[in-house]
Every structure is written in C-alpha cells, then in structure tokens.
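No experiment lies behind these values; they were computed from the predicted model shown. All ligand and atom numbering here is 1-based and tracks the order in the structure.
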Amino acid sequence: MRVAVYCGSSVGKSEIYAEKAIELGNAIAQKGYGLVFGGSSYGLMGKVADAVLSQGGEVIGVMPKHLMSKEKVHSKLTKLYIVDSMHERKKKMVDLSDGFIAFPGGCGTLDEYFEAFTWAQIGLHAKPVILYNVNGFYDALILHFNKMIEEGFLREGQQSLLRVATTLDELFSLLEAQQGPIIRKSI
Ligand code: AMP
C-alpha cells in the first residue's frame, strides 16, 4: 500500500506542523506503507519524506521538470518521476497511491486535495481522500463543507467522501476502511 501526502512546501509558523509531519512519516513507514509525494526537500514535504526514509521506508517523488530547482528535489528518494506538467504530477500521484492525506499546507496542497476529492466524486477512482486536521488547521474548511451540505451543493452520495481525521489512529482507520472497487477510467 502506498499513500500520497499533500502538504506545504513551507514548514508553517508553529513547530507543531513539523513535529506532526515527522510523526506522520514515522507512522507511514512503521505501518509498512510507501510514501508518494511531490518530491521536494523543502518544508513539510521534506519533513515527511525524511521521516519515512529514516525508518527505512519507500519514498516516491513526482516532480515537474520546471520545478526541479525551485522546489529542490529531495536527494534520497527511493524513486523519482520527472513529469512535464503540474497536471501530470497530480495524475501520476493519484495513479501511484492507494489513498491520499491532506496535511496542513497552502494553495498547492488544497489544489491537490480538491483534485483527488473531485476525481473520487465523479468516479474516476474509489480511494480514500482524508483531511488530516492537525492543530485545527482545517476547522474553517470543514465549516465550509458543512455550508456546502446545508446549501445543497454537496449532495448526499458525495458527503461520505469527506473523511476527516484528527489523530493518527483515525487517519489509519480511514485509510484501511473497506473501499469500493477501484474504477479505472482515463482521467
Ligand atoms: P503549497 O501547499 O502551496 O506549499 O504547495 C505544496 C505543493 O503543491 C508544492 O510542491 C507545489 O508545487 C504543489 N502544487 C502547487 N500547485 C499545484 C498544481 N496546480 N498541481 C500540482 N501540484 C501543485
């Protein structure tokens, strides 16, 4: 099993994000999962990858050619895929992974989370997409999801796709929960 982690290319202002990123990376490796991520050594991305590697785990990076120096490719990856575009990066990360975790991050993280979420919504995959709500970081987004439900923009069948974890135990239970068959369609 491989899991994609979407997270910030910055570390954030509070030390808790780096601490929790390291804890997540350690847990991924201890569970025997591989990590799929954007391939950068910067920010929380680098912290998660370093932690998985420190436990002897597999780390796969997917980096667009034009960002290789800007995002500084991690030098110790188990495998690096170099792709031509951001779209290809997201597609490759989805194809390589059995589940997705959105850890705190910025607009890039949200973009990746929503793409994985909306692809599940239209049946392009049936893999779990999980918001890991560390330090209440996603509280406001969860409120907005509630607003979308209240106002009728996230329909009943789609609401179960919203999976939120606040602890590592919850996170891994959601990842390991029985999923529907994986629907392989061209994205
Ligand atoms: P951020 O959360 O903004 O720090 O970005 C986290 C990661 O998401 C970085 O590696 C960005 O390159 C990546 N990213 C930003 N926009 C996109 C996009 N449109 N498609 C794929 N990855 C992206």
Side-chain angles (χ1 to χ4, degrees), residues 2-25 28 34-53 57-122 124-125 127-142 144-145 161-166 171 186-187:
R2 287 186 183 133
V3 63
V5 175
Y6 303 134
C7 62
S9 51
S10 315
V11 285
K13 286 192 176 171
S14 165
E15 281 175 17
I16 191 162
Y17 298 114
E19 283 165 19
K20 290 287 184 182
I22 293 166
E23 183 187 75
L24 174 62
I28 287 172
L35 170 72
V36 176
F37 82 125
S40 174
S41 56
Y42 286 159
L44 297 177
M45 297 169 73
K47 300 283 181 202
V48 178
D50 285 343
V52 175
L53 289 164
E58 175 196 59
V59 178
I60 300 178
V62 185
M63 180 67 85
K65 233 181 260 166
H66 71 283
L67 283 183
M68 284 183 72
S69 55
K70 191 167 171 235
E71 290 202 348
K72 195 161 182 289
V73 175
H74 197 292
S75 60
K76 302 213 169 79
L77 302 176
T78 315
K79 187 164 178 58
L80 172 67
Y81 288 93
I82 299 169
V83 295
D84 286 327
S85 68
M86 303 305 265
H87 288 99
E88 226 184 289
R89 177 197 242 179
K90 283 184 285 193
K91 164 89 167 67
K92 189 79 188 163
M93 287 176 71
V94 167
D95 288 346
L96 288 170
S97 308
D98 301 294
F100 313 96
I101 298 168
F103 192 83
C107 292
T109 301
L110 282 182
D111 174 81
E112 292 168 315
Y113 168 72
F114 276 109
E115 191 131 277
F117 188 100
T118 52
W119 285 355
Q121 198 169 254
I122 56 176
L124 295 176
H125 70 78
K127 307 173 189 180
V129 185
I130 301 160
L131 264 186
Y132 187 18
N133 191 19
V134 166
N135 195 35
F137 182 77
Y138 283 121
D139 285 353
L141 182 61
I142 294 161
H144 192 70
F145 267 107
L161 298 174
L162 175 60
R163 295 173 165 100
V164 180
T166 50
L171 182 70
S186 163
I187 296 174

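With a heavy-atom cut-off of 4.0 Å, L67 touches ligand 1 through its side chain alone. Counting heavy atoms under 4.0 Å from ligand 1, residue T109 touches it through both backbone and side chain. The proximity of S9 to ligand 1, defined as any non-hydrogen pair under 4.0 Å, involves the side chain as well as the backbone. Counting heavy atoms closer than 4.0 Å to ligand 1, residue E115 contributes nothing at all.
Judged by distance alone, with hydrogens and angles left aside, the side-chain atoms of R2 form no donor-acceptor pair with the main-chain N or O of G34 at under 3.5 Å. Proximity of a side-chain donor or acceptor of N133 to a complementary backbone N or O of T166 within less than 3.5 Å is not detected. In this structure a side-chain-to-backbone donor-acceptor pair under 3.5 Å is present from T109 to C7.
Ranking the protein heavy atoms by distance from atom 18 (C) of ligand 1 puts D111 OD2, 3.3 Å first. Counting only heavy atoms of the protein, atom 23 (C) of ligand 1 lies nearest to M86 CE, 3.2 Å. In terms of protein heavy-atom proximity, atom 15 (C) of ligand 1 is nearest to G108 CA, 3.2 Å. Nearest protein heavy-atom contact of atom 21 (C) of ligand 1 is K90 CG, 3.5 Å. Annotation: atom 13 (C) of ligand 1 to nearest protein heavy atom, R89 NH1, 3.2 Å.
Other residues, nucleotides and ligands contribute only 12 or fewer heavy atoms inside 6.0 Å of the NE2 atom of H87.
A salt bridge links K20 with E23: the distance from a Lys NZ or Arg NE/NH1/NH2 to an Asp or Glu carboxylate oxygen falls below 4.0 Å.
Inspection of the D95 and H125 side chains reveals no N or O donor paired with an N or O acceptor under 3.5 Å.
Taking 4.0 Å as the cut-off, M45 counts as a neighbour of ligand 1 on heavy-atom distance. G8 counts as a contact of ligand 1, since one of its heavy atoms falls under 4.0 Å from the ligand.
Considering backbone and side-chain N/O of G106, one or more are found under 3.5 Å from N/O of ligand 1.
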*For F145 and F117, run ring-ring contact (aromatic ring centres under 6.0 Å, His included): C-alpha distance rounded to whole Å, both residues' side-chain angles, the deciding distance at 0.1 Å, then the answer.*
CA-CA 12 Å; F145 267 107; F117 188 100; 5.5 Å; yes
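Expressed to the nearest 0.5 Å, how far CD1 of I22 lies from CG of L44 amounts to 9.5 Å. Remark: M63 CE to E71 CD distance equals 5.0 Å, nearest 0.5 Å.
Taking every non-hydrogen atom of C7 and a distance limit under 4.0 Å, the qualifying atoms of ligand 1 come out as 6 (C). The E71 neighbourhood of ligand 1 comprises atoms 9 (C), 10 (O), 11 (C), 12 (O), with distances under 4.0 Å to a heavy atom of that residue.
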